[in-house]
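All remarks here apply to the structure that follows.
Letters A, B, ... are given to chains in the order of the sequence lines, protein chains preceding strands, and every chain is numbered from 1.
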Protein chains: 2
Amino acid sequence: MNKIEVLIVDDHQIMLDGIVALLNRSKQFEVIAQTTNPNEALELIKTKNPAILITDISMEGLSGIELCKQVKSIKPDVKVLALSMFNDKETITEMLEAGVDGYILKNTGTEELLNALQKISLGQLFFSNDVTIEMLKTITQPKLVQTEPINLTQREVEIVKLIGDEFNNAQIGEKLFISERTVETHRKNIFRKTNTKSVAGLIKYAIENKIV
Amino acid sequence: MNKIEVLIVDDHQIMLDGIVALLNRSKQFEVIAQTTNPNEALELIKTKNPAILITDISMEGLSGIELCKQVKSIKPDVKVLALSMFNDKETITEMLEAGVDGYILKNTGTEELLNALQKISLGQLFFSNDVTIEMLKTITQPKLVQTEPINLTQREVEIVKLIGDEFNNAQIGEKLFISERTVETHRKNIFRKTNTKSVAGLIKYAIENKIV
DNA sequence: ATTTATATCCGTGCCACTACGGATGTATGG
DNA sequence: CCATACATCCGTAGTGGCACGGATATAAAT
């Protein structure tokens, strides 16, 4: 059975040595190249053609995010595993957009790294638990804000939504089984409450408050 | 070593039997109760106090989503693993919001189920690869819209901004030293180009495209 | 040279929405 | 019991925006 060929880039020499030593003990993976220079890594990928690239995220010269994007554009089949100290939402989101196949934190155990490499080599994705939790927050958080600061009554929120969907007063009346006049009154009250004076302002308010 | 106690609810009897049989062979987990009725499941959780609840998502009477929410509110320590046939974005998002600890697809292998149960019992999260891919889409998709092209001319963008600032046509005309009629024409063209028919839609478009 | 996109301007008529000022019934809470 | 908030409804008057159908000038693209 052939070993899976891995390329590692990390501008911290110690970290780099550590990972290399760890993988050298593995029977499944083989480090075919290593570098502290991300630009050099890009060249190595072209020439050495590894199956997996393990990359640090914050590096001088070329960030892991940029590196990942470039790798994916020139060699889409190369799997990329991001290795980071941080698990902030922004970095994670950017890495995901860059098309990363896995993202693990540097403080996680060695078996986590091997686990990740295994999954990734099978074409699956792998994310550290902490990273998954952050992803979850990104997905659910916007929805949580929704329930917080709304002065509007339930009925008024309904009206706002329908206004947002480009319905006019008559149509809204039909949908809610109320008179067009009532809709007008709600509108009036909504504008007063939201301190807006046109549909433009209202929609901005609605979007800010996640009503639409 | 004590076995981890599991409660299973699935309104498909065959599926239920299958999972129970599978877990009965496991040395790590023990099925302490099973039911096809989600409402009964809720009662069983109160009385039997399992460590993990495995639940189907689409069930008659009480959906897995609602069940999860209720379980988490009365017994926050009970871990919930969702089992579903589908991996659509909406269901996944709803389950995440309900506070689920894991989500796997019914077509995945048995070792995936055991894997998930292990992780979850350790307080971690577990999601099937397909589910993770959907989550990824949810995170990255909204950002992709952002980079989409803007058909509007410079002048039109100015107008849109001013509309967003709640100015009427006359005021916009004053500010830009053009006739109110010209503003109206621009408006007309803007609505056509953005494929919107009211200020509401326009502002939504403007916000999505970062014009406002 | 002609088409296309842009930016400017104009008239007319209609209707949706706004402003203003009411009214009624039902909860909820002090 | 009364005040308050909410949801419902109505009339009148006025106007802002929309539809439709034009026009002119400039610049870039074909």
I want to check one thing: is the phosphate of [N], taken as OP1 and OP2, less than 4.0 Å away from some side-chain N or O of [X]?
X: Lys188(A); N: dG22(C); answer: no
X: Thr182(A); N: dC10(D); answer: no
X: His186(B); N: dA7(C); answer: no

Ranking dC17(C), dC9(D), dA7(C) by distance to the side chain of Ser179(A), first place goes to dC9(D)
Shortest side-chain distance from Thr185(B), nucleotide among dT6(C), dC9(C), dC18(D):
dC9(C)
Regarding dG17(D), can its base be found pairing with the side chain of Arg187(B) as donor and acceptor, where the two atoms are less than 3.5 Å apart?
no
With a 3.5 Å cut-off and just heavy-atom distances, do the side chain of Arg181(A) and the base of dT18(C) make a donor-acceptor pair?
no
From [atom1] of [X] over to [atom2] of [N], roughly how many Å is that when rounded to an integer?
X: Gln154(A); N: dT28(C); atom1: CD; atom2: C1'; result: 16 Å
X: Gln171(A); N: dA16(C); atom1: CD; atom2: P; result: 10 Å
X: Ile172(A); N: dA16(C); atom1: CD1; atom2: P; result: 13 Å
X: Ile178(A); N: dC10(D); atom1: CD1; atom2: P; result: 11 Å
X: Phe177(B); N: dC9(C); atom1: CZ; atom2: P; result: 12 Å
X: Ile159(B); N: dT8(C); atom1: CD1; atom2: P; result: 7 Å
X: Asn189(B); N: dC20(D); atom1: CG; atom2: P; result: 14 Å
X: Asn168(A); N: dT18(C); atom1: CG; atom2: P; result: 11 Å

Should we count CG of Leu122(B) as having more than 12 external heavy atoms under 6.0 Å?
yes
In terms of side-chain heavy atoms, does Asn49(A) have a donor or acceptor partner in Lys75(A) at a distance below 3.5 Å?
yes
Would you classify Arg155(B) as touching base, sugar-phosphate or nothing, given that sugar-phosphate means primed atoms plus P, OP1 and OP2, and contacts are heavy atoms under 4.0 Å?
sugar-phosphate
Regarding Asn169(A), tell me which of base, sugar-phosphate or nothing describes its non-hydrogen contacts under 4.0 Å with the strands shown.
sugar-phosphate
Side chain to side chain donor-acceptor pair (under 3.5 Å), that's the test. Do Glu43(B) and Asn39(B) meet it? Break it down for me.
CA-CA 7 Å; Glu43(B) 290 307 312; Asn39(B) 289 297; over 6 Å; no
To the nearest 0.5 Å, what is the distance between CD (Gln171(B)) and CG (Asp165(B))?
10.5 Å
Distance col, row Leu96(B):CG vs Thr91(B):OG1, nearest 0.5 angstrom, shows 10.5 Å
By nearest nucleotide on DNA chain C, pick out whichever of Glu184(B) and Glu180(B) is the more 5' one.
Glu180(B)
